Amino acid sequence: MRKLIALGLAGVLALPVTQAAALKKVEKKTETRSLHIPDEVAPAVQPYLDCRLQSLGATIKHTDGKLADSLVEKGGDCSALRTKAATDADAMLVKTGKDEADRTKMVQDTLKSIDDFADVMRQMMAGARAKSS
């Protein structure tokens with residue numbers, strides 16, 4: 001009878017620990033981000049996106065299967081292309097008749113989306129390298 005009680009107590013003590021571990025797994029948050037590039041500015045910002053990904057060491061192929069021009073070495077700076085992308089995208093939006101506030105918002109949101117995407121890719125690549133080490 002004492003063995004049964006001892007096992008019963010061990011089971012009761014183990015249950016909260018197991019539940020706590022399960023709750024931690026359930027409470028783990030996952031963040032989903034997506035890359036959004038409006039068609040109106042895609043040609044203007046594509047070089048900046050390519051640069052950001054190439055700076056991470058990625059090889060870029062376009063939809064036609066051809067390799068994108070190399071814009072930067074791994075770890076390189078894409079700030080000049082970001083500035084050019086903003087200027088070119090705004091010029092494209094002027095032609096659509098959008099007012100300055102709408103143009104500025106669309107351009108900044110698009111560039112932020114590219115930056116966020118590149119940051120997520122950098123984190124994923126760093127995690128993959130850490131796991132393979």
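Note that this is a predicted model, so its numbers are computed, not measured.
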Student check: side-chain heavy atoms of [X] and [Y] closer than 4.5 Å:
| X | Y | result |
| --- | --- | --- |
| M92 | P43 | yes |
| L111 | V45 | yes |
| I60 | L67 | no |
| S55 | K74 | no |
| L53 | M121 | yes |
| V41 | D88 | no |
| M106 | K98 | yes |

Approximate separation, where rounding is to 0.5 Å, of L71 CG and L81 CG: 6.0 Å

Can you tell me how far apart NZ (K84) and OG (S79) are? Round to the nearest 0.5 Å. 14.5 Å

What are the two closest heavy atoms between [X] and [Y], and how far apart are they?
| X | Y | value |
| --- | --- | --- |
| A101 | D99 | N-OD1, 3.1 Å |
| A44 | A89 | CB-N, 3.4 Å |
| V72 | C78 | CG1-SG, 4.1 Å |

Within the distance-only criterion (no hydrogens, no angle test), does the side chain of T87 pair as donor or acceptor with the backbone N or O of T83 below 3.5 angstrom? yes

By the salt bridge (Lys or Arg N to Asp or Glu O under 4.0 Å) test, which pairs, at least two apart or in different chains, include something from residues 44-72? R52-D115, R52-D119

Filter on side chain to side chain donor-acceptor pair (under 3.5 Å), then keep only pairs touching residues 100-114, sequence neighbours left out; what's left? D90-R103, K105-D109, K112-D116

Give the cluster check for M125 versus L35: same hydrophobic cluster or not, with ILVMFWY residues linked at side-chain heavy-atom distances below 4.5 Å. yes

